[in-house]
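Letters A, B, ... mirror the listed sequences (proteins, then strands); counts begin at 1.
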Number of protein chains: 2
Amino acid sequence: MGTAKLKRLQAAGWKSGSADEFLGLSDEETMLVDLKLSLVDAVRQSRQKRGLSQIDLAQRMGSSQSRVAKLETGDPSVSLDLIVRAFFATGGTRQELQRAVGAKVKVAA
Amino acid sequence: MGTAKLKRLQAAGWKSGSADEFLGLSDEETMLVDLKLSLVDAVRQSRQKRGLSQIDLAQRMGSSQSRVAKLETGDPSVSLDLIVRAFFATGGTRQELQRAVGAKVKVAA
DNA sequence: TCAGTTTATGTCGGATTTGACATACATACA
DNA sequence: TGTATGTATGTCAAATCCGACATAAACTGA
């Protein structure tokens with residue numbers, strides 16, 4: 001992964017939102033970042049809807065609170081695999097995941 | 001990742017298909033594996049539809065033919081990140097990805 | 001204010017995933 | 001038969017991602 005770029009994105013306080021062609025991010029990289037942000041949103045919403053804390057979720061997926069926190073803050077060290085695993089661990093279904101894939105994230109810079 | 005289990009799955013020649021509760025795969029792990037298989041299918045179809053070889057695709061995504069081959073054969077060493085990146089690199093759109101997420105893979109054991 | 005709960009940030013050693021390379025296998029066409 | 005093209009498999013060092021831990025910050029409710 002071109003994580004360096006994502007880290008710069010993060011560092012700059014960016015949340016992105018399909019209009020983040022501001023530094024050499026290729027189209028596919030941008031699409032992946034946007035997708036991740038959407039799914040991260042879905043994870044947080046699904047987790048909160050079921051009244052789970054980050055610790056609860058971490059336990060369910062055999063992970064740690066800090067990793068869940070990084071996940072939800074969009075830390076570039078978190079893989080799409082982990083995001084999707086987290087989504088399923090909240091109780092999210094494949095159909096709900098599909099919906100989340102379709103819902104582009106809205107963002108204030 | 002519980003890759004050991006996936007490797008055993010692979011080794012046994014399994015392709016899985018939502019009915020693979022045959023060895024201690026947790027529900028979420030199973031869902032993730034099934035999802036990956038669906039997306040792998042989508043990558044291959046998208047690649048072939050555009051007349052790209054594995055080498056072509058590898059170049060587009062800055063990867064190698066061998067990794068694309070592993071990807072398409074469902075090798076457990078391939079991450080969801082790479083699968084999605086590959087899908088986008090074929091020219092696949094987010095909407096098409098969404099469709100692929102909804103389409104569960106059909107499999108002969 | 002304080003204690004309790006939840007979330008965020010930084011770091012690190014170990015595990016996983018990576019691209020690259022070699023090479024084998026397959027198919028097609030001369 | 002050969003040889004060209006495409007795909008699969010095995011290996012490895014480097015890059016990335018992981019859970020865990022410490023600790024800070026934010027937000028409650030007393």
Side-chain angles (χ1 to χ4, degrees), chain A residues 1-15 26 28-29 32-33 36 39-41 43-86 89-90, chain B residues 1-15 26 28-29 32-33 36 39-41 43-86 89-90:
Chain A
M1 195 191 290
T3 334
K5 286 167 198 163
L6 303 197
K7 269 177 182 145
R8 272 187 280 123
L9 257 179
Q10 262 326 102
W14 281 94
K15 277 272 142 183
S26 75
E28 302 103 40
E29 281 173 336
L32 185 62
V33 171
K36 281 188 176 183
L39 298 190
V40 158
D41 256 32
V43 168
R44 191 193 296 265
Q45 283 176 11
S46 182
R47 174 178 70 79
Q48 289 177 339
K49 187 165 60 177
R50 320 211 184 208
L52 301 172
S53 68
Q54 289 184 347
I55 291 184
D56 295 334
L57 175 53
Q59 283 172 172
R60 284 186 181 217
M61 49 188 298
S63 182
S64 61
Q65 180 270 326
S66 62
R67 196 127 290 277
V68 172
K70 289 181 212 303
L71 189 161
E72 292 192 357
T73 55
D75 188 294
S77 84
V78 175
S79 72
L80 185 54
D81 294 71
L82 196 68
I83 295 170
V84 170
R85 204 192 318 285
T90 63
Chain B
M1 194 192 289
T3 334
K5 285 167 195 164
L6 303 197
K7 271 178 181 143
R8 272 188 278 123
L9 256 179
Q10 260 329 99
W14 280 94
K15 277 270 140 189
S26 76
E28 304 103 40
E29 280 173 337
L32 184 62
V33 171
K36 281 189 177 184
L39 298 191
V40 158
D41 256 33
V43 167
R44 191 193 297 266
Q45 284 175 12
S46 182
R47 175 179 69 80
Q48 290 177 339
K49 187 166 62 178
R50 320 212 184 208
L52 300 173
S53 68
Q54 289 185 348
I55 292 184
D56 295 334
L57 175 54
Q59 283 172 172
R60 285 186 180 217
M61 50 187 298
S63 183
S64 62
Q65 180 270 326
S66 62
R67 195 126 292 277
V68 172
K70 289 180 213 304
L71 190 161
E72 292 192 357
T73 55
D75 188 295
S77 83
V78 174
S79 72
L80 185 55
D81 293 70
L82 196 68
I83 295 170
V84 171
R85 203 191 320 283
T90 64

Out of dA8(C), dA8(D), dT7(D), which has the shortest distance to the side chain of T73(B)? dA8(D)

Backbone of L52(A) reached by a side-chain donor or acceptor of R47(A) within 3.5 Å: yes

Presence of R47(A) side-chain N/O under 4.0 Å of dT6(C) phosphate oxygens OP1/OP2: no

Value in whole Å for how far the P atom of dC18(D) lies from CG of L71(A): 8 Å

Interatomic distance where CG belongs to D81(B) and P belongs to dT16(C) [whole Å]: 16 Å

When you get a sec, tell me which of dG6(D), dT9(C), dA8(D) is the closest nucleotide to the side chain of S53(B)? dG6(D)

Atom CG of D75(A) to atom P of dG10(C): distance rounded to whole Å? 9 Å

Using the rule given for side chain to side chain contact (heavy atoms under 4.5 Å, CB included), can you reason through I55(B) versus Q59(B), listing the C-alpha separation, both sets of side-chain angles and the distance that settles it, and then say yes or no? CA-CA 6 Å; I55(B) 292 184; Q59(B) 283 172 172; 4.1 Å; yes

Using a distance-only test with no angle check, is there a side-chain donor-acceptor pair under 3.5 angstrom linking T73(A) and D75(A)? no

Between Q54(B) and L71(B), does the side chain to side chain contact (heavy atoms under 4.5 Å, CB included) criterion hold? Intermediate values first, please. CA-CA 10 Å; Q54(B) 289 185 348; L71(B) 190 161; over 6 Å; no

Taking atom CG of L82(B) and atom CG of D81(A), what is their separation to the nearest 0.5 Å? 10.0 Å

Letter per nucleotide, 5' to 3', of nucleotides 19-30 of chain C [B base touched, S only sugar-phosphate touched, - untouched; heavy atoms, 4.0 Å]: BBB---------

Gap between atoms CG and C1', on L57(A) and dT6(C) respectively (whole Å): 13 Å

Would you indicate, yes or no, if dT17(C) has its OP1 or OP2 atom less than 4.0 angstrom from a side-chain nitrogen or oxygen of S79(A)? no

In whole Å, I'd like the distance from the CG atom of L80(A) to the C1' atom of dT16(D). 15 Å

Along DNA chain D (nearest heavy atom to each residue), the more 5'-positioned of A69(B) and D56(B): D56(B)

Within this structure, what is the CD-to-C1' distance between Q54(A) and dG4(C), rounded to whole angstrom? 16 Å

Over how many whole Å does the gap from I83(B) atom CD1 to dT17(C) atom P extend? 11 Å

I55(A) atom CD1 is separated from dG19(D) atom P, nearest whole Å, by 15 Å

Can you name the closest pair of heavy atoms from T90(B) and R50(B) and give their distance? O-CD, 3.1 Å

To the nearest 0.5 Å, how far apart are CD in E72(A) and CZ in R67(A)? 13.0 Å

